[in-house]
Every structure is written in C-alpha cells, then in structure tokens.
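What you see is a predicted model; the values in this text were computed from it and never measured. Atoms within a ligand are numbered from 1 in the order they appear, just like the ligands themselves.
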Amino acid sequence: MSIDHAEWAAYLLAAVDERQEVAAITKQVDELSIDDAYAVQAALLELQLGRGDTLAGAKLGLTSAAKQEQMGVAEPVYGWVLQSSVIVDGEVAVGELIHPRAEPEVVFRLAQDLAGPGIGREDALDAVEVVLGGIEVIDSRYEAFSFTLPDVIADNTSAARVAIGAQGAPPRSLDLSTLGCVFDVDGEVVGTATGAALLGDPAECLAMLANHLGKHGQKLEAGWIVMAGAPTDAKPLGIGTVVKARYSGVDAVSLKGV
Ligand code: 0L1
Ligand code: MG
C-alpha cells in the first residue's frame with residue numbers, strides 16, 4: 001500500500017498542535033521507506049511554512065555514537081529548523097511541548113550557500129561564517145520517545161526548539177575535532193565530549209548534510225544555521241530544569257524550562 005505523505009504529515013502536525021504523543025507510523029503501515037519518510041518530512045515542512053513560518057536552517061541528528069546508542073538508531077538523520085523554533089530569551093515553555101529533552105549542539109552559521117554533491121570538509125568550512133555553541137530541545141511526537149529510523153525522519157528528527165550562544169568564532173580559528181563540550185543539568189555535569197564525537201569532525205557533518213540535500217536538488221542557504229548534532233546524549237527538560245552547554249572557544253548557552 002502506498003504511503004500518503006500529506007496524511008501522515010497532518011497526523012504529526014496535529015501531535016505538535018495538541019501536545020499529544022502519537023503511535024509511531026511504522027506501527028500502522030506495512031512499510032515506511034527512507035524516501036517515503038523524507039517525503040512525509042517535506043510535506044510536514046510545507047504545512048508549517050503554509051502557516052507563515054520560515055526556515056532558519058537545517059539540522060543533523062544522530063551523528064554521534066552517544067546519541068545513536070541512546071535512541072537505538074545507527075544512522076545520521078537530516079531535518080529542518082523553523083524560525084519559530086529559535087529561542088531568544090533563555091527560557092523554554094515546557095507546557096508547549098510533549099516530553100522535551102535538551103542536548104548540546106555544535107552550530108554553524110553560513111556566510112554562503114552550500115550545495116552538494118561533492119562537498120568535502122574544506123568546502124563546507126569555506127561556506128561558514130561562524131561556529132557557535134547551542135542547545136537543542138528535541139520533542140519526539142511519538143509515544144515514549146520511541147521510534148525507528150524512518151519514523152524519526154518523518155517527524156523532522158524530533159526538532160522542537162534551539163537556543164544559540166551569543167558569540168562564536170570563525171571556523172578556521174578553532175580545531176573543531178578538539179572543541180570541548182561540557183553539558184550540565186541543574187549545575188551537575190552530565191556529559192562531556194569533543195567535536196570528534198560528531199563523525200570525527202563537525203565540519204564532516206555539515207558536508208554530509210550539503211551532499212544529502214544536493215541529492216534532492218536542495219541546498220543550504222547563506223544566513224542559515226546548521227546544527228551538526230549532539231555530541232552527548234539528551235536529558236529530560238522539565239519545569240525548573242536548568243541546562244547549560246559550555247564549549248571551549250565559543251560562548252556557553254543556558255536554558256531554563258518554565
Ligand atoms: O533523539 C532523537 O529524537 C533522535 C532524532 C535526532 C535528534 C537529534 O539528534 O537532534
Ligand atoms: Mg540535536
């Protein structure tokens with residue numbers, strides 16, 4: 001039976017709107033291919049843009065062993081960052097979400113468009129204006145935060161909110177594979193990693209995303225932010241929880257659940 005991409009996109013958007021977890025798509029269909037999953041993701045984006053939202057950038061997820069092990073999924077995934085998801089004030093309204101988790105992110109802001117195929121690490125770095133620290137709030141729309149690879153792709157890779165540090169650094173002023181990250185929850189260190197956790201180098205993640213989009217005739221655009229993925233696992237974010245991601249060479253980011 002063929003997959004109705006628009007129907008499943010509406011199903012996921014209703015879960016977002018109603019703040020209600022829903023059964024994974026793969027529990028309800030015979031097969032959800034990776035291509036179908038990205039088509040559902042595209043249909044979901046179309047619905048969100050149709051409501052007046054705009055694109056702030058793109059993201060990778062599951063680019064570190066820590067995240068792949070946490071979620072039981074062994075491949076990187078790609079998604080979109082909506083302007084409405086970008087947090088500007090250091091607080092996240094937990095009641096707007098289902099079961100949010102927070103995770104540190106290495107973030108690129110692009111000075112130039114970047115279009116695959118054939119993009120390597122150096123091409124990717126050429127397109128970057130600045131490297132920033134971030135925290136992503138993910139919020140799977142699926143029951144118990146549990147899914148297969150195609151499910152999480154359809155669900156725009158659990159994207160929900162992102163906060164970005166004020167001051168970053170030019171990409172070639174940093175050794176991205178030794179860029180340090182310490183993740184705190186309520187003042188306690190819960191995770192540590194270096195940029196090498198992200199496919200050996202976060203710039204490789206950026207190149208991978210540009211090449212993935214190139215296969216679909218799409219590109220990363222100047223001015224966008226791109227999240228390279230979380231180098232540590234994600235932690236639950238409740239009301240009153242304060243999470244902080246500290247980085248070597250770029251500003252720290254804090255977020256409080258309210
Ligand atoms: O953790 C998850 O929900 C898996 C999807 C990828 C999310 C991410 O790493 O940004
Ligand atoms: Mg993430």
Side-chain angles (χ1 to χ4, degrees), residues 12 15-16 19 21-26 32 34 37-38 40-41 44-45 55-82 85-87 92 94 97-109 131-165 179 181 183 185 190-191 193-195 197-199 202 204-206 208-209 212-213 220 224-237 243-245 247 253 255:
L12 290 167
V16 174
R19 294 152 199 168
E21 60 181 19
V22 292
I25 299 172
T26 52
L32 182 66
I34 298 296
Y38 277 110
V40 174
Q41 183 194 95
L44 175 59
L45 177 66
L55 270 178
K59 61 170 280 193
L60 298 99
L62 306 175
T63 45
S64 68
K67 281 286 307 196
Q68 292 186 359
E69 279 160 24
Q70 181 181 29
M71 303 318 302
V73 175
E75 277 177 54
V77 290
Y78 315 97
W80 301 107
V81 178
L82 292 168
S85 74
V86 179
I87 294 171
V92 55
V94 170
L97 302 170
I98 302 168
H99 38 205
R101 296 178 180 179
E103 59 188 23
E105 287 281 343
V106 176
V107 181
F108 297 103
R109 191 166 63 225
V131 179
L132 298 144
I135 294 179
E136 184 181 22
V137 178
I138 51 173
D139 192 35
S140 173
R141 269 51 72 170
Y142 299 122
E143 286 164 353
F145 226 114
S146 174
F147 43 70
T148 65
L149 178 68
D151 285 311
V152 70
I153 290 169
D155 186 27
N156 194 27
T157 68
S158 308
R161 303 285 185 272
V162 58
I164 298 166
L179 185 131
C181 168
F183 191 44
V185 176
V190 295
T194 64
L198 300 168
L199 303 177
E204 296 288 357
C205 303
L206 179 58
M208 183 185 250
L209 176 54
H212 163 79
L213 291 178
L220 296 167
W224 279 10
I225 56 168
V226 176
M227 286 188 265
T232 74
D233 58 0
K235 300 295 178 194
L237 184 70
V243 290
K244 183 169 188 177
Y247 299 92
V253 186
L255 258 189

Study note, to complete from the structure: Atoms of ligand 1 under 4.0 Å from any heavy atom of F145, numbered from 1 in the order shown, are 3 (O)
Review point. At under 4.0 Å between heavy atoms, which part of R101 makes contact with ligand 1: side chain, backbone, both or neither?
Key: neither
Check your understanding: Applying a 4.0 Å heavy-atom criterion (strictly less than), which segment of M227 is in contact with ligand 1: side chain, backbone, both, or neither?
Key -> neither
Revision key, fill the gap. Ligand 1 atoms nearer than 4.0 angstrom to some heavy atom of G61 are 6 (C), 8 (C), 9 (O), 10 (O)
Point to revise | K244 atom NZ: more than 12 heavy-atom contacts under 6.0 Å | key: no
**Study point:** N/O separation below 3.5 Å, T157 to ligand 1
**Key:** no
Check your understanding: Should you measure from each heavy atom of S158, which atoms of ligand 1 turn up under 4.0 Å away?
Key -> 2 (C), 3 (O), 5 (C)
Review point. Should the proximity of L62 to ligand 1, defined as any heavy atom under 4.0 Å, be assigned to the side chain, the backbone, both, or neither?
Key: both
Exercise for review: Please examine the side chains of S158 and V152, heavy atoms only from C-beta on, and report whether any two atoms are closer than 4.5 Å.
Suggested key: yes
Study note, to complete from the structure: ligand 1 to K59, heavy atom cutoff 4.0 Å, flagged ligand atoms 7 (C), 8 (C), 10 (O)
Review point. How are the rings of Y78 and H212 set to each other: parallel, tilted or perpendicular (split at 30° and 60°)?
Key: parallel
Check your understanding: For ligand 1, does Q70 get within less than 4.0 Å through its side chain, its backbone, both, or neither, judged by non-hydrogen atoms?
Key -> neither
Study note, to complete from the structure: If you scan protein heavy atoms around atom 8 (C) of ligand 1, the nearest is E103 OE2, 3.2 Å
Practice item. May I ask you to check whether S140 has an N/O atom sitting below 3.5 Å from an N/O atom of ligand 1? Key: no
